[in-house]
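Have a look at the structure below, then the notes.
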Amino acid sequence: MSKNELPKAYDFKNTEKRLYDWWVERGYFKPSNDPGQPGFDPSIKPFVISIPPANVTGELHLGHAMYVSMEDLMIRYQRMKGVPTLWVPGTDHAGIATQLQVEKDLMRTEEVTREELGREKFVERVWTWKKKYHAIISSQIRRLGASCDWDRERFTLDEGLSVAVREAFVRFYEKGLIYRGPRLINWSPGLKTAVSDLEVEYSEEPGKLYYFKYMLADGSGEFIPVATTRPETILGDTAVAVHPEDTRYLKYVGKQVKVPILGREIPVIADDYVDREFGTGALKITPGHDPNDYQIGQRHKLQVISVLDAIAHITPAGGPYEGMDRFDCRKKIWEDMKKAGLVIKEQAYTLNVPRSQRGGEVIEPMVSTQWFVRMSELAEDALKAVQDGRIRIIPERFTKVYYNWLENIQDWCISRQLWWGHRIPVWYCDDCNEMTVARQDPTACTKCGSRNIHQDPDVLDTWFSSGLWPFSTLGWPDETPDYQYFYPTSVLETGYDILFFWVARMIVDGLELTGKVPFHTVYLHGIIRDEFGDKMSKSKDNVIDPLPLMDELGTDALRFTLLVGSTPGNDINVDVKRVAANRNFANKIWNAGRFVINAINNAPDKPEKAALWSLADSWIWARYKQLLGEVNHLFETWQFGEAGRQIYEFFWSELADWYIEIAKQQLAEGGDRAFYTAQTLSRLLDGCLRLLHPFTPFVTEELWGHLKTAAVAHSDHLTPKGGWPEALIIAPWPEPLPFETWEEGKIAHFTLIMEVVKTIRNLRAEKKVQPGKPITAILVAGLNTSVLLDQAVIIQNLAHLDPKTFQVVEKMTEKPENAVSMVTSGIEIYLPLGDIVDSDSERVRLTRELQTIDSQIKRLETLLGGDFAKKAPPQVVEKERQKLVEYRATSEQLRNQIKS
RNA sequence: GGGCGCGUAGCUCAGCUGGUUAGAGCGCACGGUUCACAUCCGUGAGGUUCGGAGGUUCGAGUCCUCUCGCGCCAGCCA
């Protein structure tokens, strides 16, 4: 037996890696129905998730832990339900982020820039970098217990996925959904690339509104007052606009005004975009550097002047300011205008500054030739797919957010001036200037046949390839067996923060390119925050690193915390203390398991007679059945957190705290009692481990293995229905069992026993009786006498009563001397504690109790006397009537106790 | 101006389709060396009853309206 001795505490360090490797080795992560394997049955519906691809260079953070835990939970649950499951893992090349990191590293180590190294060499370096960090991040994902099919792992720059990207680009282009042209875009001067609207964040910052004079060109000395937040853009002004009905300025419309410093003459135009109330009511128009102005410029066919170059320095168009940094220029030009007498005033003003999502530098709206995806039509399809229910978003409230975004969608700028990513598959002819857009690299211009062609230097936005993820990972555009069987996928699970970036784009792309929704359900989880609800950030130094956390407390503890501490779509505050509490839970499971295994080993290996279940046996089984019903319902309605909480509660507060305590006695009785107790323990542990496995896969698998080993070695009678599976990870999920009529009665009786025990314990504690000291008790049980007599030993043991003097009676004529008393559930309890009992204080205590009971009686009498009795459903009324009856009896009993 | 979320015990949060003296973890207090577990066990205190005000209802933390506070998303008014 000693060889089977389990350590006193669950040792996750010695468990997690071993089990993970074993699972992989046994092939459990692979779909049980696989088009690549013999016996494949295409008619069985699989459950498929594409993992949100982690950035190759990223360090593991709690966000990863969150989605891995959540998706692994869903996958494991489905797998246990016997559904063929596929979870496709993978990583993302993360264009900007990765390129930046490598650039930084090159600068630090070799002091070279990417330009100095050259494109080809640089990209090579990035691949080397990728290789290294991919190994790290993917092993960290494994560490979380992710049961994905690693043989199907993908990387966004894989050959196959690159083919998909190119196919998508060409198809979009051919359908006219992708176009190239000069547009006002968001330019990141630091990164020297365009970025999409989504990659710009606006932050409110204190700034100034600069008021100045736009002098009329006619030399009259008259001027139009104008205000701006960015004086440097004056250099690019090509008009001054006023409202068409603004009597103040109407007379100037059609005249020319002079651009300060530069002296260029520009027209005064009328446009009702101008808000007469705001600022001076006159607006300077800079089509080259402001989105609104750009549109006005289009309407009025104004000239577009770019005054900023790629690094946000002033262009030659800025005259004397050429070469200056944008912010220096802002100061300088204002000073110069002051000197020139053009300044009116400055006013403190809160700006809405566009900043790069990455790095935070100020983004400049600039005109630039870029590639765009025409979104409006695509968006409509994506909208419909959710509207008509082909895709369901959970929680539902996010559908509104989704609609809102798609209804106001702008074209998507997809070209990036980077080196790391999917090169745009477009070649320009140096001879005829035509474009060749091709699936295969061309060697000549398709229009004129010239060999003087060069490929577009830019790459595609990383999200362009991510948008194809659910099908590109399965082989699309080829109709591979995987694609045919596993696509569309089932659930897309991710944080709500990338609903637009990723989810919406996958839906758009999926519909357009595959003609199908890429998944039927979108499950969105919240953002991870620190214990006080603040966003984690390095600058706040409140980042919780999951790796040391797992080192210290185990993966299961972290997973359980994330899964059970969260509600769909709501942010979760992660507190290390909570993780520690869940580590304790893992340990609790472990130790309950040790107890059960020990019980099995020491119990008879077969029964003599048919089962004669104890009240406790029946109670715990009935409760387990209730649990099964609730947990299954909660799983089906995506309420995983609540399901976990309920299992936790059941396991700890009922199974461990009560049933196991009673089982100790039952096992000690030996014989059939011991056998059936061991059997019950075995069944319950087996069932609970199955229920818990999706949450805490490691401790449950490990313990279950020990359970199985012990049970198999000990007795055939412990084998569950259907036999012992070879591993918990593939053990059948516990489905709800049909209700049986005996359940309610057993639960009621056992609840009575618990009440009595708790009340005695309470009295003991209150009277400061030594916890282990056996004392006398007299229970006056009335109609429940037989139940209590039946369970006397249990009460006696759990409440530490002296078996020689403890008695249960139906009624009592004379109250015991010097006894502490109480009434619970209609049972009168007397603890004759002798001298320590002070009758006065007892009377006070009981009177207080009586008061609360009487107030309840009053409450119920009022309730039942009113409309409630007439209008509420009969069962609800009956329940309250019953309570009233009980309270009245209790009241009566308490009065007696006080009286005598 | 818009959309959404949150505001429940000292702290961090649960609470499904409304059902009737509100739950958990942590913290706190008191007490525990029983052969599963001190990563534990027992007992308890703690919420003016769930931000505030109305309303619907026999009944609301749970639905509706308004309101206050916090947060998020979206928004290109100089």
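Just so you know, these numbers come straight off a predicted model, no measurement behind them. First the proteins, then the strands, lettered A, B, ... as listed; each starts at 1.
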(Q) Between G44(B) and U56(B), how many Å separate the two C1' atoms, rounded to a whole number? (A) 40 Å
Q: Take nucleotides 69-78 of chain B nucleotide by nucleotide from the 5' end and write B, S or -, depending on whether a protein heavy atom sits under 4.0 Å from the base, only from the sugar-phosphate, or from neither.
A: ----SSBBBB
Q) Gln639(A) near the nucleic acid: base, sugar-phosphate alone, or nothing, with a heavy-atom cut-off under 4.0 Å? A) sugar-phosphate
Q | Interatomic distance at P, A38(B) relative to C26(B), whole Å | A | 16 Å
Q: Tell me what Arg578(A) touches on the nucleic acid: a base, only sugar-phosphate, or nothing, going by heavy atoms under 4.0 Å.
A: base
**Q.** Contact letters for nucleotides 58-66 of chain B, in which S counts primed atoms plus P, OP1 and OP2 and B counts the base, heavy atoms under 4.0 Å
**A.** B--------
Q: Using the P atoms only, state how far G46(B) lies from A53(B), rounded to an integer number of Å.
A: 24 Å
Q: State whether Lys664(A) places a side-chain N or O below 4.0 Å from either non-bridging phosphate oxygen (OP1 or OP2) of A36(B).
A: yes
(Q) Taking the ring of Phe698(A) and the ring of Phe12(A), is the distance between their centroids below 6.0 Å? (A) no
Q: Take Arg645(A) and Val876(A), find for each the nucleotide of RNA chain B with the closest heavy atom, and name the residue whose nucleotide sits nearer the 5' end.
A: Arg645(A)
Q: Between His633(A) and Asp657(A), name the one whose nearest nucleotide on RNA chain B is closer to the 5' end.
A: His633(A)
Q) C37(B) phosphate, OP1 or OP2: any side-chain N/O from Lys588(A) under 4.0 angstrom? A) no
Q: Sticking with atom C1', work out how far G15(B) lies from A60(B), rounded to a whole angstrom.
A: 13 Å
